[in-house]
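A short write-up of the structure that comes next.
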Amino acid sequence: MEWIIKNGFVYDPLNNVKGEKMDIAIKNGKIVSLSQVNEREAKVVDASGMVVMAGGVDIHSHIAGPKVNAGRIMRPEDHYKVYMRIMGNVRRSGSGRTTPSTNIIGYKYARMGWTTVIEPATPPLKTRHTHEELDDIPIIDKACFPLLDSNWFILNYLEKGEIEKCAAFIAWILKAIKGYAIKLVDPGSAEAWGWGKGVGLHCDEPIPGYNLTPLDIVKGLCKVNQILNLPHPIHVHCNRLGFPGNYTCTLETMDSVSGLAKNGLPSIHITHVQFTGYTGESWASVGSGGEEIAKYVNNNKHVTLDLGQVVFGEATTMTADAPFEFTLYHLSPGKWSNADVEVETSAGIVPYKYKRKNYVNTVQWTIGLEIALLVKDPWRVFMTTDHPNAGPFTKYPTVIGWLVSRKAREKTMETVNKRGLRKSALPTIDREYDLYEITILTRASPAKILGLEKEKGHLGVGADADVAIYNINPEKIDLSKDYKELVKAFKRAAYTFKNGELVVKDGEIVKHTYGKTYYVNCRIPSDLEKLVVDDVKAKFKEWYSVSLNNYVIGDEEIRSLKPLEVESSLK
Amino acid sequence: MGEVTLKPKFTFHVPVEMFNVSPDMFSAKTVKEIGELKAYEGNREKKLSDLFDIEGEPGGKPEEVTIIVKGDISKARRLGKGMTAGKIVVEGNAGHMVGYGMRGGIITIHGNAGLWVGCKMKDGVIEIFGNAEDNVGGSLRGEKPGKGMSGGVILIHGNAGAEVGRGMKGGSIIVDGDVGPLVGVDMVGGNIGVKGNCEGKAGARMKGGRIVICGSIPEILPSFYIEEVRESIKVKPEKFTGPFYVFIGDALADIKCNGRLLVSINNNPHLKPYEKFLE
């Protein structure tokens, strides 16, 4: 199928296109130059007066995996009121708001114009489940990050200082379970939690049973990441997440790998930084550490951030940081679920509601926006709500509204806790993002940091034909005043193309398709691989309750697998 | 006063969604317009006129409308959802979730009712001459305590199932017959009066409100403490005469023990050992 998108205002930061009127041609699922399509036969989309962007890229959204499923089971009340009906031959049905069914995750992302989503935390042992669910999510492209911070193999290698073996092991496990990058969640705390410790584990405290501290793990895995030349830097959820005064820990974690950055590329990605940016000594005196974090990021080029912006309303916190969930359960009584994954990690779930009039929730709300507005370089800060931890991904348009308009922020500020607001610099910040920066924040920079900038996040020739068209005229509206129109446009894209197919028209799904699953195939010397596999085979029987043959996921088990070939620098 | 009669055209074999059958939806409409209202039979969208013979003439205001359902509609769901005034009479059995979230008016059922009678109701009266199943006046699964019924009265002249008044916050439930286990689980307020027996575990996780059991109960949960002996108690709209043991609890849900569980002394001789804690 050939398409021509005519007369839209094209925003494409990776190719330095800033709102110019251009035609985009699509052929065989790729963006091509106009001369390559047959203009008579191609279907035409008239995008005059509309904004054309690449499909959105979400770098951190818990959309699949065992804990997402546990969250669905745990929260029937989340599914009564929000549902999508079946539409014959077009879409399947589903329900849920913070823990939606697999189908409507894909539909809702596509309706907003997002086409690539990353599941950022999957226990390697249960990644088969994650892939089954990812396979079931329609339309979007996806990938998953395995949790590797408390894996016994890795801890043992790091303790002995065998970085090369550790690298070979990680290359093997990424290939075995079809993972994409290294995810660290509260490094070491899952191992400590196995001993009943690890609540608020500080980043330089020793981990029980090992002669290691969380910072050693961060440094070690950052080195591994450099050795393997993985496309994405280590994806770190910092220690002491959700404890007052934790911003120092975040700064220490960022600083620990400052010397490891190569070629000016980032060496660490700090995820949902809002949850790890608190000052103060207790919940009564908690304040915003957003300014300090933004200052550090402005001065150091090796860090990228995503926000984890709080959106008021219902949320379901689900994280592999089990000790924190235990703490949160005591702060907000109700339901709590906890799980341990043998050898590898643990997880917990607590439903939570962010209230406007709550002091702590207000402080949390300000931190994310503060960081987004104070970090000068939009290429190194991405917008997420850490779905469903700080709010569902369907609230992205609201967050965009806050970023582009001081008026929108002021309107929300009127309704929040005043004492919490006084703890923050947010009321004094005048910066407003423009549409070009929003495009960077939501598409170009996440695609770039994922190492997918060749095919995702831009509209140059050769990119995947993932296109979102929003019904706003940047020449006519003033974003800071008419932010409501922008929010409305982003809630329902006028058109969304996925892989060259029209999937959304006028905000409604018109086609059910399936996207690709990316994984990293990191080539390592075969003798080193054999050495590590022998190591794994020897320990596997002793440590795991499954056999190694059932652990490795075959290529044929995944619907549409797309390897990203990487050459490691191991010899 | 307007009166509308609904008569099922055939015996329903799959669930029928009747959320549009309420005085609020019927008022100021003609019979033809009523027939155009949406209903679901299983997963198929239907009109009310496909499922029922509709006769009569509704009034102009909801409070003037009386809806009479002639026949068995035990497959019906959400009859009288969110109604604010008027009257619904079912001459037969009614299905699940009768009076879901109702805010006023009267529903009378001359037969049995299904699960979740008066689920999340805020005001009004539901009277059932037969039996009711589980979760009378209850909250939905997974919801926090206090999200159940918050006002109004439910009168059941037969027996009721398990979890009567689950998560209720206000209002009264009076059951003339027996009830199943877990009466008033998760309740934070309101009154439950049971004239028959209870299967046990009464008031589990209750934080407030009152439960009166005039019949027998196998045992009291260990997280309840005896407080006093009382002769009679008024649970609107009725008065129960005892004497009763008054227990407070549930200590596991709330250390303040604001919940009150009243159990008949005469019908529960096996609870006599509690009396030694009264001195």
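Residue numbers begin at 1 in each chain, while the letters A, B, ... track the order of the sequences. Remember, it's a predicted structure, so these values are computed and weren't measured experimentally.
- Annotation for B/K47: atom NZ does not count as buried by contact number, only 12 or fewer foreign heavy atoms lying within 6.0 Å.
- Taking CG of B/N43 as the reference point, atom CZ of A/R85 lies at 10.0 Å (rounded to 0.5 Å).
- Applying the 6.0 Å contact sphere to NZ of B/K169 captures no more than 12 heavy atoms from other residues, nucleotides or ligands.
- For NZ of A/K355, the number of neighbouring non-hydrogen atoms (other residues, nucleotides, ligands) closer than 6.0 Å is 12 at most.
- More than 12 heavy-atom neighbours from other residues, nucleotides or ligands sit within 6.0 angstrom of CZ on A/R356.
- In this structure a side-chain-to-backbone donor-acceptor pair under 3.5 Å is missing from B/K144 to A/K335.
- Residues of residues 320-330 of chain A lying under 4.5 angstrom from chain B, judged on non-hydrogen atoms, do not exist.
- Smallest separation of non-hydrogen atoms from B/R141 and A/P76: O-CG, 3.4 Å.
- Heavy atoms of other residues, nucleotides or ligands lying less than 6.0 angstrom from NZ of B/K29 number more than 12.
- Around CZ of B/F12, the count of heavy atoms belonging to other residues, nucleotides or ligands within 6.0 Å exceeds 12.
- The list of salt bridge (Lys or Arg N to Asp or Glu O under 4.0 Å) pairs with a residue in residues 97-112 of chain A, not counting sequence neighbours, is empty.
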